Structure formats: structure tokens, C-alpha cells
Amino acid sequence: MSTDAPVDVATRFIAEIFVAGRVEAVDDLVTADFVSHGLPGSGPDVMKAAIERVAPALSNVRMEIQDTISEGDRVAIRLESSAVQSGEFMGMPPSGKRYTVEEIHVFRIADGKVAEHWHQFDTAGMMRQLGFMPGPGPTQR
């Protein structure tokens, strides 16, 4: 495995699973004992179920990678994500609004697949931008 292989796996995971919502890519990209810290359960079906919940709720999904750090079997990616909430999402009715937030993803790669995933994002900022929480909208950069 080349030193770039873990980064390639992590960025492919983001592109195919988070952005494109390709359920069929899950088996190629995650291990049989995959753990997504933050989602209940383990294995590929956890990620497939998450895609099936989120894909109908969000459209025009974009993720722009800002930083990538890799050491050994770990890859950390800081990115800016945005999407339009076009369906029910996290129990909230469709707003038709776009949100833009920063996210951090950490992956553990084993045998060329994602074995573990950790995820942090600006939930409050997203909720404000979608109109489900009071406060200012996105800041201008």
C-alpha cells in the first residue's frame, strides 16, 4: 500500500458515500466490522442505512476539502460542506434552504478500506441556516 493509499480511500469515501450517496459503493469502501462513531451498530449496513435516510433529504450536496492530514492508518480531513434541505432531515420538515458548515472527519483505514469513522460538524450553525434555531445566518468570508 502506498503512503497515499489511506488518503485516497478517505477522499473516495467522501466523494462516493457522502456527496454522491452511492449505497453500492459501501461494500467496496468499508470493512465488514466497520464502526461509525456516532451511528448505532457496526458493519456496512450501518452506512447503507445512513445513506438511505440522508440522500432523499439533501440535494445539491457539495464537500470541499480544505485540509488533509495522514499518519499511519489515520486520515483527518477538514472540509466545508453544503447542501439544500429538500426533504425531511433529522425530524425537520423540508426547508428548501441551503446550509454551509465546516466538518472534520477522521478515518482509520485497514486493508484499503475504512474501518472506523469519526465526524464533527457545526450542528447549531446548520440548524440556524435552515431556520430551525434562532440566531444569525452564515458568516461572510
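Keep in mind it's a predicted model, so treat the numbers as computed, not measured.
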inquiry  = Taking side chain to side chain contact (heavy atoms under 4.5 Å, CB included) as the definition, give me every residue that meets it alongside S42, ordered by chain and number, with sequence neighbours left out.
reply    =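 Applying side chain to side chain contact (heavy atoms under 4.5 Å, CB included) to S42 gives V35.
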message = Can you list everything that forms a side chain to side chain contact (heavy atoms under 4.5 Å, CB included) with D122? Sequence neighbours excluded, please.
response =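 Counting only residues at least two positions away or on another chain, D122 forms a side chain to side chain contact (heavy atoms under 4.5 Å, CB included) with V101, A124.
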inquiry  = Give me the atom names and distance for the closest heavy-atom approach of V19 to V61.
reply    =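 So the minimum-distance heavy-atom pair works out to CG1-O, 3.7 Å.
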Side-chain donor or acceptor of K113 paired with backbone N/O of D27 under 3.5 Å =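 Between the backbone of D27 and the side chain of K113 there is a qualifying donor-acceptor contact (under 3.5 Å).
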query = Does the Q85 side chain pair with the main chain of M92, one donor and one acceptor, at a distance under 3.5 Å?
reply =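 Yes; at least one donor-acceptor contact below 3.5 Å.
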task = Can you establish whether the number of heavy atoms outside Q120 located under 6.0 Å from its atom CD is more than 12?
result =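 12 or below, so no.
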query = Has E24 got more than 12 heavy atoms of other residues, nucleotides or ligands less than 6.0 Å from its CD?
reply =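 Enclosed: over 12 neighbouring heavy atoms sit under 6.0 Å from CD of E24.
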ask   = What is the distance from atom CD of E64 to atom CD of E102, rounded to the nearest 0.5 Å?
value =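 Rounded to the nearest 0.5 Å, the CD-CD separation comes to 10.5 Å.
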message = Going by salt bridge (charged side-chain N to carboxylate O under 4.0 Å, His left out), name the residues that satisfy it together with R98, two or more places apart in sequence or in a different chain.
response =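 Once residues adjacent in sequence are excluded, R98 has no partner under the salt bridge (charged side-chain N to carboxylate O under 4.0 Å, His left out) criterion.
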Cluster overlap [X] with [Y], hydrophobic side-chain contacts below 4.5 Å:
{"X": "W118", "Y": "I77", "answer": "no"}
{"X": "L130", "Y": "V84", "answer": "no"}
{"X": "I14", "Y": "V7", "answer": "yes"}

inquiry  = Is the distance between the ring centroids of F13 and H117 under 6.0 Å?
reply    =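 Yes, the ring centres sit under 6.0 Å apart.
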